[in-house]
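Worksheet: the structure to be examined is printed underneath.
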Amino acid sequence: MTQKYKNTRSNVYATRSDFCHIYVEQMDGLFLLSLLLTADPQKAEQCFLSGFEDSARSNYVFKERAHSWARRSITLRAIRLLCPRPGEETKSNVARLSPLIENVPAEVQAYPDFARIVALNSFERFVFVMSILEKYSAQECSLLLGCFRRDVINAQAITVRRLASVVNATETQPENDLVSFAGVN
């Protein structure tokens, strides 16, 4: 590839049509991202649609970065919608899990750890999804979430320990994994 071609290619901006194509082609993955962040099908739909609108209105996104921009738009919308903060009480989402899992598309249900991630409190869930699944740095997570970097690092450690303890517990008691994870006896 010549240098002239590389420079020309990198200066092409994504159009509304490009974002429409991305959102249609990647619908399941983008909706899963919304659902994991919000832990609520209605809010996930709202984030998905708002993320699309934000992406489609973006005039200066390079075409080669449009997919990343779409994912980031959904993440930012979810942050604005839920305002997750460190130090939240660990609220159990177990009561919401059954209807949530019943209402999600079959493609999303195929992920075995879905319920475990959704059961995390908002801040831990956001940190897990952003830093582990989406690969944001601790610094970037802290900036986007409006918290200290140490809050993100602490949440990462707590979340990984909690999820690991559930995996260890399921090896001996598979039917009680969600209940033990949520701390319900």
Side-chain angles (χ1 to χ4, degrees), residues 22-23 26 28-55 58 61-62 64-97 100-101 104 108 111-170 177-184:
I22 288 169
Y23 272 80
Q26 303 289 321
D28 292 338
L30 293 172
F31 184 74
L32 176 60
L33 174 62
S34 298
L35 195 54
L36 289 175
L37 289 168
T38 63
D40 180 288
Q42 288 77 28
K43 290 178 182 174
E45 187 176 326
Q46 184 180 353
C47 277
F48 180 86
L49 294 173
S50 297
F52 170 71
E53 290 171 5
D54 290 348
S55 296
S58 300
V61 177
F62 291 122
E64 61 193 31
R65 302 290 300 154
H67 178 72
S68 298
W69 188 265
R71 297 185 76 77
R72 185 177 181 88
S73 294
I74 287 172
T75 301
L76 292 174
R77 276 300 178 161
I79 291 169
R80 285 186 208 127
L81 182 64
L82 296 179
C83 302
R85 296 287 171 245
E88 293 175 335
E89 291 182 27
T90 305
K91 299 175 242 169
S92 173
N93 290 330
V94 173
R96 292 188 357 213
L97 287 179
L100 177 64
I101 291 171
V104 297
V108 175
Y111 294 90
D113 296 323
F114 173 73
R116 294 176 185 140
I117 295 168
V118 170
L120 296 167
N121 75 34
S122 295
F123 185 74
E124 292 170 355
R125 190 175 60 249
F126 270 81
V127 168
F128 180 80
V129 171
M130 290 172 67
S131 66
I132 306 297
L133 302 180
E134 293 295 307
K135 308 228 185 295
Y136 285 77
S137 69
Q139 180 65 28
E140 190 169 13
C141 287
S142 71
L143 291 171
L144 293 175
L145 293 169
C147 63
F148 293 109
R149 190 169 166 263
R150 72 173 173 264
D151 294 329
V152 171
I153 293 168
N154 289 341
Q156 286 172 328
I158 289 167
T159 302
V160 169
R161 275 196 304 268
R162 283 188 183 165
L163 292 175
S165 70
V166 171
V167 171
N168 290 337
T170 59
D177 66 335
L178 187 56
V179 173
S180 64
F181 174 71
V184 178

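No hydrogens, no waters, no symmetry mates; every other heavy atom, side chains included, goes into these values.
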- What do the steps show when you test Asp28 against Leu32 for side-chain contact (heavy atoms from CB on, under 4.5 Å), and what is the final call? CA-CA 6 Å; Asp28 292 338; Leu32 176 60; over 6 Å; no
- All heavy atoms of His67 vs all of Ile22, minimum pair found to be N-CD1, 3.7 Å
- To the nearest 0.5 Å, atom OG of Ser137 lies from atom CG of Leu143 at 7.5 Å
- Leu35 side, atom CG; Glu45 side, atom CD - distance, nearest 0.5 Å: 11.0 Å
- Task: Using side-chain contact (heavy atoms from CB on, under 4.5 Å) as the criterion, list what pairs up with Arg65, not counting sequence neighbours.
- Result: Phe62, Ser68
- Message: Please check: side-chain N/O of Ser142 versus main-chain N/O of Gln139, any donor-acceptor pairing under 3.5 Å?
- Response: yes
- Query: Out of curiosity, Leu82 CG to Phe126 CZ, how far, rounded to the nearest 0.5 Å?
  - Reply: 4.5 Å
- Item | Separation of Glu124 CD from Asn154 CG (nearest 0.5 Å) | 10.5 Å
- Item | CZ-CG distance between Arg77 and Leu37, expressed to the nearest 0.5 angstrom | 14.0 Å
- Is there a side-chain contact between Leu30 and Ile74 (heavy atoms, below 4.5 Å)? yes
- Carefully, step by step, assess Leu33 and Glu134 under the rule side-chain contact (heavy atoms from CB on, under 4.5 Å). CA-CA 9 Å; Leu33 174 62; Glu134 293 295 307; 3.7 Å; yes
- Message: Taking the side chain as everything from C-beta on, heavy atoms only, tell me whether Leu145 gets closer than 4.5 Å to Pro84.
- Response: yes
- Kindly compute the distance separating OH (Tyr136) from CZ (Arg71), expressed to the nearest 0.5 Å. 8.5 Å
- Minimum heavy-atom distance between Val118 and Arg125, given as atom pair plus value: O-NH1, 3.7 Å
- Query: Do Arg149 side-chain atoms and Ala138 backbone N/O form a donor-acceptor pair below 3.5 Å?
  - Reply: no
- Task: Check whether any side-chain heavy atom of Gln46 lies under 4.5 Å from a side-chain heavy atom of Asp40, and answer yes or no.
- Result: no
- Message: Tell me every residue that passes ring-ring contact (aromatic ring centres under 6.0 Å, His included) with Phe48, counting only those two or more places apart in sequence or in another chain.
- Response: Tyr23
- Task: Let me know which of Ser55, Ser50, Cys47 forms a side chain to side chain contact (heavy atoms under 4.5 Å, CB included) with Ser73.
- Result: Ser55
- Check whether any side-chain heavy atom of Ile79 lies under 4.5 Å from a side-chain heavy atom of Met130, and answer yes or no. yes
- Message: Do Val127 and Thr159 have side chains that approach each other closer than 4.5 Å (heavy atoms only, starting at C-beta)?
- Response: no
